[in-house]
Amino acid sequence: MPERAAQLAATDPAAHFGAVIAFGANIWNELWEDRPHSLRAFPRISGAVHQAPTTEVDVLLHLRSERYDFLHEFADKLVPELGEWLDMLEVVHGFRYHDGRDLTGFVDGTGNPDGQERPEIALVGAEDPAWAGGSYVHVQRYVHRMDEWNRLPVKQQEAVIGRTKSDNIEMDKDDRPLTSHMHRVNIEEHGQELKLLRHSMPYGIPGGERGMYFCAYSRDPAIFERMLSRMVTPIHDGRVDHLLNFTRAVSGAAFFAPSQEKLAALAK
């Protein structure tokens with residue numbers, strides 16, 4: 001797959017085509033004899049006020065590009081080749097909405113790492129040298145309650161998110177509600193903010209289900225698990241994320257995406 005993806009990307013560099021294939025914990029031993037140190041199933045969180053469902057799925061194919069025809073061509077050729085071993089469970093087409101906003105109208109992924117910080121946040125390093133260059137991946141599909149959300153005044157929407165809507169300014173830590181989304185997912189440890197590399201995108205059908213397909217990469221799956229726990233359970237400070245009053249998760253899965261070198265070795 002890496003060679004095929006590189007060949008397609010080279011035909012139009014401006015398309016920024018990229019492909020990732022990742023595998024879940026249950027299928028891992030059928031492919032490799034050893035495994036990444038922290039590979040495990042999607043967390044089952046006890047005491048959750050809001051749902052964080054788990055989905056039985058073994059393989060994730062994540063494609064991104066500025067050209068939809070590249071996405072279609074790559075998947076249309078690869079999926080039938082895998083049909084003997086895999087059953088397709090779900091296909092979700094995400095899209096860029098305005099200037100990187102969610103369908104709620106707020107900019108998404110404002111805390112994403114930039115530049116050299118991106119591989120430092122997303123890729124496994126010396127802590128697990130056998131799997132260096134790979135990444136832990138978590139996905140969730142959220143369905144928004146858009147009618148209820150759109151009835152909220154903007155000031156109340158901003159209190160739910162913890163950030164202004166028009167100019168995308170994060171509220172001061174002391175001013176934002178403890179139930180705001182920003183407060184729930186912003187975690188500091190030893191003076192440093194814990195980060196994920198998010199590649200979430202809106203999806204939907206007019207008149208049908210609409211929402212956010214959450215997708216995050218990290219060198220440590222515990223970071224995502226801690227963020228999700230703070231969103232759905234009141235054990236930390238007696239509060240949960242009020243954004244979940246307007247959106248619900250309908251799926252959840254965890255994977256590890258091996259490096260290109262590991263994939264090439266597997267193919268041989």
Side-chain angles (χ1 to χ4, degrees), residues 1-24 27-28 30-32 36 39 55 57-102 108-109 112-125 131-141 196-205 212-219 251 253-268:
M1 192 187 89
E3 290 184 4
R4 185 183 300 181
Q7 290 172 358
L8 180 59
T11 63
D12 183 4
H16 300 295
F17 174 77
V20 172
I21 189 166
F23 305 93
I27 199 177
W28 193 268
E30 298 181 26
L31 303 172
W32 283 280
L39 178 62
T55 308
V57 59
D58 293 321
V59 180
L60 170 72
L61 179 62
H62 182 198
L63 307 178
R64 289 174 63 90
S65 179
E66 300 295 331
R67 288 179 52 174
Y68 179 79
D69 59 329
F70 275 25
L71 303 177
H72 176 83
E73 177 182 343
F74 190 86
D76 197 47
K77 292 180 179 178
L78 184 63
V79 170
E81 295 175 6
L82 300 176
E84 182 179 347
W85 300 279
L86 300 173
D87 294 322
M88 183 71 67
L89 296 181
E90 183 177 64
V91 178
V92 179
H93 298 289
F95 55 86
R96 193 181 309 281
Y97 185 62
H98 295 291
D99 54 340
R101 294 178 185 262
D102 177 43
D108 182 64
N112 255 356
D114 294 322
Q116 184 56 39
E117 190 184 19
R118 291 170 70 89
E120 293 176 358
I121 295 297
L123 300 183
V124 171
W131 296 98
S135 185
Y136 295 93
V137 190
H138 291 88
V139 297
Q140 292 179 287
R141 185 165 71 86
L196 303 170
L197 177 59
R198 292 176 172 86
H199 280 304
S200 308
M201 299 196 81
Y203 75 92
I205 300 173
M212 168 69 70
Y213 198 88
F214 173 86
C215 180
Y217 291 78
S218 176
R219 70 190 300 168
S251 68
F255 310 89
F256 186 82
S259 66
Q260 293 187 9
E261 292 77 15
K262 284 287 188 180
L263 288 175
L266 178 65
K268 294 178 181 179

- Message: D58 vs W28, test: side chain to side chain contact (heavy atoms under 4.5 Å, CB included). Steps then yes/no.
- Response: CA-CA 8 Å; D58 293 321; W28 193 268; over 6 Å; no
- Item | Residue D87 excluded, over 12 heavy atoms near CG under 6.0 Å |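 Incorrect, the count does not exceed 12.
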- Above 12 or not: heavy atoms from other molecules or residues under 6.0 Å from CD of E3?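 At most 12 heavy atoms, drawn from other residues, nucleotides or ligands, come within 6.0 Å of this atom.
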To the nearest 0.5 Å, what is the distance between [atom1] on [X] and [atom2] on [Y]?
X	Y	atom1	atom2	answer
Y217	R118	OH	CZ	11.0 Å
R96	R64	CZ	CZ	6.5 Å
D99	D108	CG	CG	11.5 Å
L82	L61	CG	CG	8.0 Å
F214	R198	CZ	CZ	5.5 Å
S218	L197	OG	CG	9.0 Å

Are [X] and [Y] close enough that some pair of their side-chain heavy atoms sits under 4.5 Å apart?
X	Y	result
V124	Y136	yes
R141	Y213	yes
V59	W85	no
D102	Y97	no
H62	V137	no
V57	E90	no
R4	F74	yes
V139	S251	no

- For the residue pair W131 and W32, does the interplanar ring angle fall in the parallel (under 30°), tilted (30 to 60°) or perpendicular (over 60°) class?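 Plane angle over 60°, so perpendicular.
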Looking only at heavy atoms, which two atoms of [X] and [Y] are closest? And how far apart?
X	Y	value
G94	M201	CA-CB, 4.2 Å
L196	A216	CD1-CB, 3.9 Å
S200	C215	OG-N, 3.1 Å
A122	S135	O-OG, 2.7 Å
A10	P13	O-CD, 3.8 Å
F70	S65	CB-OG, 4.0 Å

- Those residues that, when tested against F255, pass ring-ring contact (aromatic ring centres under 6.0 Å, His included) (two or more places apart):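 Residues passing ring-ring contact (aromatic ring centres under 6.0 Å, His included) with F255: none at all.
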- Partner set under ring-ring contact (aromatic ring centres under 6.0 Å, His included) for H93, not counting sequence neighbours: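 With neighbours one apart ignored, the set is Y68.
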- Message: Between R219 and E120, does any side-chain N to carboxylate O distance fall below 4.0 Å?
- Response: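 Salt bridge between R219 and E120, a charged N being under 4.0 Å from a carboxylate O: no.
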